[in-house]
Amino acid sequence: MADFLSSLNDVQQQAVTTTEGPVLVIAGPGSGKTRVLTYRIAWLLHKGVPPHAILALTFTNKAAREMKERIAKVAGRAASQVWAGTFHSLFSRILRLEAEKIGFPRDFTIYDTEDSKNLIAAIIREWNLDKEAYPANAVRHRISGAKSNLITPRMYAQDQERLQSDTANRMPLFYKIYEGYYQRCLKAGALDFDDLLLQFYRLLQEHPDVADHYRQRFRYVLVDEFQDTNFLQYAILKKLTLYPGSPRNLCAVGDDAQSIYAFRGATIDNILHFEQDYAGLKTFKLEQNYRSTRHIVEAANKVIGHNRRQIRKTIWTDQEEGHRIRVIRAINDTEEGRRVTDQIMELKNREHLPNHEIAILYRTNAQSRIFEEHLRRHNIPYRIYGGQSFYQRKEVKDLIAYLRFVVNARDEESLKRVINFPRRGIGDSTMEGLARQASDQGLTLWESVLRFGGQTRSGKAIARFVDMVNGFREKITTLNAYDLALWVAKTSGLYDEYASDTSVEGISRRENLQALLDGIKEFTESDEEVYTGEATDKSLSSYLQNIALLTDADEDKGETDFVSLMSVHAAKGLEFEAVFLVGLEEQLFPSFMSMNNPDDIDEERRLFYVAITRAKSHLWLTHALSRYRYGQMRHNEVSRFLEEIDLASAEEPGGVREPQVQMATPRSGVSGAFRTAPTVAASARKIDPTTFQPSLPHQIRAGMKVLHLKFGEGEVRQVEGQTDNRVATIVFPDIDQPERRIMLRFAKLQIVE
DNA sequence: TAGGCTGTGGTTGCG
DNA sequence: CCACAGCCTA
């Protein structure tokens, strides 16, 4: 044991061995945070703390998985009995045992974001509210915000300030919708993601015996990424660890500088309050960075220094300087893609970097496409993270909805999803009538469906549907999850629906459906026992609980060595030898959405900080002078963050092969020098692409002198055609066949005069 | 009721 | 530009 402690530095050791009382670990990027967490757990076990007394909370499944694996490595078998998982999954597990105490069925459904949104939209429709004034997504967001701040519908309705602000925002009835949504979830036996926390809190609050039980049990609570917790999560942590006679063994690990989820309710205030709420809190700062070279670490410190509110911390490294940070200035987004891919080829060829040590990080997922195209062209295997997860795909959700509804007859959203898919003649007007009846008579939607009689077309269709569902339900006890799922897929017509579609998309949908069935089969047949605090359960209901909280499918099919493409958010917690951080332009990174609020800009800056600290040794920062956005070419100024890290010192020395590096040295405080188009020497036969700045196509007129990247200077003779199809005839004296017809839509021409 | 068409609007995203 | 929602017609 002492053995493994010796592999830790001093601060890490203290953070690991200070087991009693409240502890806050501020952990810079690459400072061995996960190591500290896992060793701390191993240390506790070593000291004789029983594994079931340890509760380790993370935000993502991936982090949880990683932690479990690493604990197992250091601590062996006992590790599997430690409760380590996401807030959502662990609380949902407890809620499953205790749900009835707070009015939910044990087999409660978990509504995902889409379900929530649909339900809210349905309420707005049913109440004849103006959907312009009450956009379902905004309402959902607001409800989520209220829940994350531990504000129940009743509290909301009494909060004059909120009500007034809603009125000012022209949604005075928001509180009603919130109340309605809350009730409908209760009636449907469904919890949304926020409820998994909120209802768990309620459980502890309203049932002191239950609270006592879990307090006695979880003597040691650890939280990862504490800066990402919201008010409600912190409230739960306090409930569990702060009470009369409590040992107050809460250990929180986080980094305020890496807080990038304020937009979804995370608040750094929790770190600040931690100190006040837990007297005698011991704080450890992990500042030594083991990941990156000095150039990168210094750049990171420089940017983050521009933030106003922060816990003072300077990361350092004893690694060598390493490669300089390199800047690529591209003419446009396509060029950016090409240059990045060229550099990747070079990294592979010269440095022999494997693909999986290379990442392209961007602010918005929409930026991935161009890189994808170029990588494909070079046959470089890549994988795009983010976007739609497996379980969010329509075809997958369709089958899951059937299964959910079979298990929980009150689940309204699933019923609405499947009742007429595949099409069976139960249309919108029928559904509207059913919904009205349900709300008028206080029935669940399914009860309302059951009462729908008659020999009309829809009546018969409904009767057939009811028979089918009842048939499914009868089989719950006799068939295992897989056989039942297969039966449902075939009988409902879902399978054939997708089987008959021969388009590329259709085939992929069928494959996904098959993959889902395979997954269910694996679940039923797996003999791996997962410790859940209750008997291993292979029921359909158990399966559904399991997947409701999964986000990524993560099957590594075939290729394992690929370049990673992902948003900066998705890259948090990861590291790569080489990182290309692309699209460093004002309005894009920092995002245009953040421009009006200094706090938001600070969050963007932390995001930038997270991004550059992913790199171990190679870091490229790229920006394009213009790029397509919403269908039109936009001109972009270079990101302020690029200036803030003061790349003058990181710039590659002269003599570098042409395009890479050059970037104008920012003059102190004056960015103008940077942002105006540099004048290009007229004699330049070969134009320097880093200073070339194309004009917008519609500005090109006959008689103008223009520069073309390949052809050099030319004179526009005439312009024909309309808008998108305009063609210019240009004479370039320096080339063979000087007269060229150039499609302006695609041309990169810079007006000289 | 179902499928085609027009109009609108558009970050980031864990569970 | 592109995805999706809602409207309108067969």
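By convention in this document, chain letters (A, B, ...) are assigned in the order of the sequence lines, proteins followed by strands, and residues within each chain are numbered from 1.
- Distances from the side chain of A:Met593 to the nucleotides C:dA5, B:dG13, B:dT11 place B:dT11 closest.
- For B:dT1, the OP1/OP2 oxygens have no side-chain nitrogen or oxygen of A:Asn420 closer than 4.0 Å.
- In this model, the phosphate group of B:dT1 is not approached by any side-chain N or O of A:Arg424 to a distance below 4.0 Å at OP1 or OP2.
- Per the geometry, CZ belonging to A:Arg369 stands 10 Å off C1' belonging to C:dC2, to the nearest Å.
- As a whole-Å value, the separation of A:Glu585 CD from B:dT11 P is 17 Å.
- Protein atom CD1 of A:Ile426 is 10 Å distant from nucleotide atom P of B:dT1, rounded to whole Å.
- Distance from the side chain of A:Lys117 is smallest to C:dA5 among B:dA2, B:dT11, C:dA5.
- Between the side chain of A:Arg363 and the base of B:dT12, at least one donor-acceptor pair of N or O atoms lies under 3.5 Å.
- With rounding to whole Å, A:Leu57 atom CG is found 13 Å from B:dG15 atom P.
- Between A:Arg457 and A:Val568, the residue anchored closer to the 5' end of DNA chain B is A:Arg457, taking for each the nucleotide with the nearest heavy atom.
- Within a 6.0 Å radius of CG in A:Asp428, no more than 12 heavy atoms belonging to other residues, nucleotides or ligands are found.
- Annotation: cation-pi geometry not satisfied between A:Arg605 and A:Phe608 (NZ/CZ under 6.0 angstrom from ring centroid, within 45° of ring axis).
- Nearest to the side chain of A:Arg264, among B:dG15, B:dG13, B:dT12, sits B:dG13.
- Of the candidates A:Asp112, A:Asp115, A:Asp107, A:Asp398, A:Asp115 is the only one forming a salt bridge (charged side-chain N to carboxylate O under 4.0 Å, His left out) with A:Arg404.
- When distances run from any side-chain atom of A:Phe263 to the nucleotides B:dT12, B:dC14, B:dG3, the shortest one goes to B:dT12.
- If you check every strand for non-hydrogen atoms under 4.0 Å, A:Ser429 touches sugar and phosphate atoms only.
- Counting non-hydrogen atoms of other residues, nucleotides and ligands closer than 6.0 Å to CZ of A:Arg369 gives a total of 12 or fewer.
- Each of A:Gly425 and A:Ile260 was matched to the nucleotide of DNA chain B holding its nearest heavy atom; the match closer to the 5' end belongs to A:Gly425.
- Proximity of A:Arg606 to A:Ile268: side-chain heavy atoms (C-beta onward) are separated by under 4.5 Å at one or more points.
- As rounded to whole Å, 13 Å separates atom C1' of B:dG15 from atom NZ of A:Lys147.
- Residue A:Thr430 has its side chain nearest to B:dT1 when only B:dT1, B:dG13, B:dG15 are considered.
- Considering only side-chain atoms of A:Phe193, the nucleotide from B:dC14, B:dT11, B:dG15 that sits closest is B:dG15.
- Both cation-pi conditions hold for A:Lys394 and A:Phe421: the charged atom is under 6.0 angstrom from the six-membered ring centre and inside a 45 degree cone around its axis.
- Counting any heavy atom pair closer than 4.0 Å across all strands shown, A:Glu604 reaches a base atom.
- On a pure distance criterion of 3.5 Å, a polar donor-acceptor pair joins the side chain of A:Thr113 and the base of B:dG15.
- Atom CZ of A:Arg423 is separated from atom C1' of B:dG3 by 8 Å (rounded to the nearest Å).
- Under 4.0 angstrom from either OP1 or OP2 of B:dC14 there lies no side-chain N or O belonging to A:Asn230.
- Annotated as anti: B:dT12, whose O4'-C1'-N torsion sits more than 90° from 0.
- One can place CD of A:Gln367 at 16 Å from C1' of B:dG13, the figure rounded to the nearest angstrom.
- Here A:Arg629 lies out of heavy-atom contact (under 4.0 Å) with every strand.
- Note on A:Asp192: nothing from the nucleic acid sits closer than 4.0 angstrom, heavy atoms only.
- We find that OH of A:Tyr385 is positioned 17 Å from C1' of B:dG13, with the value rounded to whole Å.
- The shortest non-hydrogen separation linking A:Gly583 to A:Glu336 is N-OE2, 2.8 Å.
- Among B:dG15, B:dT11, B:dG13, the nucleotide with an atom closest to any side-chain atom of A:His569 is B:dG13.
- Which of C:dA5, B:dA2, B:dT11 sits closest to the side chain of A:Thr364 comes down to B:dT11.
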